[in-house]
Amino acid sequence: MLPTASSKPYILLVEDDPAIREFLRTSLSTAGYRLEEVSTGNAALAAAERKPPDLVILDLGLPDIDGQIVLKKLREWLTSPLIILSARNQEAQKVTALDQ
């Protein structure tokens with residue numbers, strides 16, 4: 001029996017760079033995932049609250065709120081796994097993100 005559209009994992013993609021977002025959209029959609037895309041931290045928090053995702057892919061460099069703050073707020077209540085995207089070269093910030 002094939003999975004229905006509603007049984008496929010739902011991913012919240014939080015990325016402000018259109019090229020990266022398009023690449024991930026294409027890759028994840030082709031793999032059969034359901035996807036919601038947002039480009040700001042505030043939109044990510046609202047989307048996750050509206051419909052808790054099975055997985056969050058979160059860019060740390062967002063235009064409105066630092067991704068670390070978004071991560072911390074999501075971790076207060078969301079139990080789903082998070083994948084962090086970062087072009088940052090500061091090792092301390094990456095370690096902090098992993099600790100949350």
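Every heavy atom of this structure was used, including side-chain atoms; hydrogens, water molecules and symmetry mates were not.
The side-chain hydrogen bond (donor to acceptor under 3.5 Å, both in side chains) check on Asp17 picks up nothing, with sequence neighbours excluded. Residues that satisfy the salt bridge (Lys or Arg N to Asp or Glu O under 4.0 Å) test with Glu22, not counting sequence neighbours, are absent from this structure. Legend: residues meeting side-chain contact (heavy atoms from CB on, under 4.5 Å) with Ala43, ordered by chain and number and at least two apart, are Val38, Thr40. Asp54 is linked by a side-chain hydrogen bond (donor to acceptor under 3.5 Å, both in side chains) to nothing, counting only residues two or more places apart in sequence or in another chain.
Side chain of Ser86 to main chain of Leu60: no donor-acceptor pair is present (N/O by atom type, distance under 3.5 Å, no hydrogens or angles). The backbone N or O of Asp64 lies less than 3.5 Å from no partner atom in the side chain of Asn42, so there is not a single donor-acceptor pair.
In this structure, Leu45 CG and Glu76 CD are separated by 9.5 Å, a value rounded to the nearest 0.5 Å. The CD atom of Glu15 lies 11.5 Å from the CZ atom of Arg25; values are rounded to the nearest 0.5 Å. Considering CD1 of Ile84 and CG of Leu71, their distance stands at 4.5 Å, rounded to 0.5 Å. We find the CG-CZ distance between Leu12 and Arg50 to be 9.0 Å, quoted to the nearest 0.5 Å.
In terms of heavy-atom proximity, Pro52 sits nearest to Tyr10 at O-CD2, 3.8 Å. In terms of heavy-atom proximity, Asp16 sits nearest to Gly61 at OD1-O, 3.1 Å. Scanning both residues, Ser80 and Pro53, for their nearest heavy atoms gives OG-O, 2.5 Å. Nearest approach of Arg75 to Leu78, heavy atoms of both residues: NH1-O, 3.1 Å. Nearest heavy-atom pair across Ser39 and Leu62 is O-CD2, 4.1 Å.
The residues Glu36 and Lys51 are annotated as not salt-bridged, no charged nitrogen and carboxylate oxygen being separated by less than 4.0 angstrom.
With side-chain heavy atoms closer than 4.5 Å counting as contact, directly or through intermediates, the hydrophobic cluster containing Ile20 also holds Ile11, Leu13, Phe23, Leu24, Leu28, Tyr33, Leu35, Leu55, Ile57, Ile83, Leu85.
In this structure the side chain of Arg21 never reaches within 4.5 angstrom of the side chain of Asp59, judged on heavy atoms. No side-chain heavy atom of Val70 sits less than 4.5 Å from a side-chain heavy atom of Val14.
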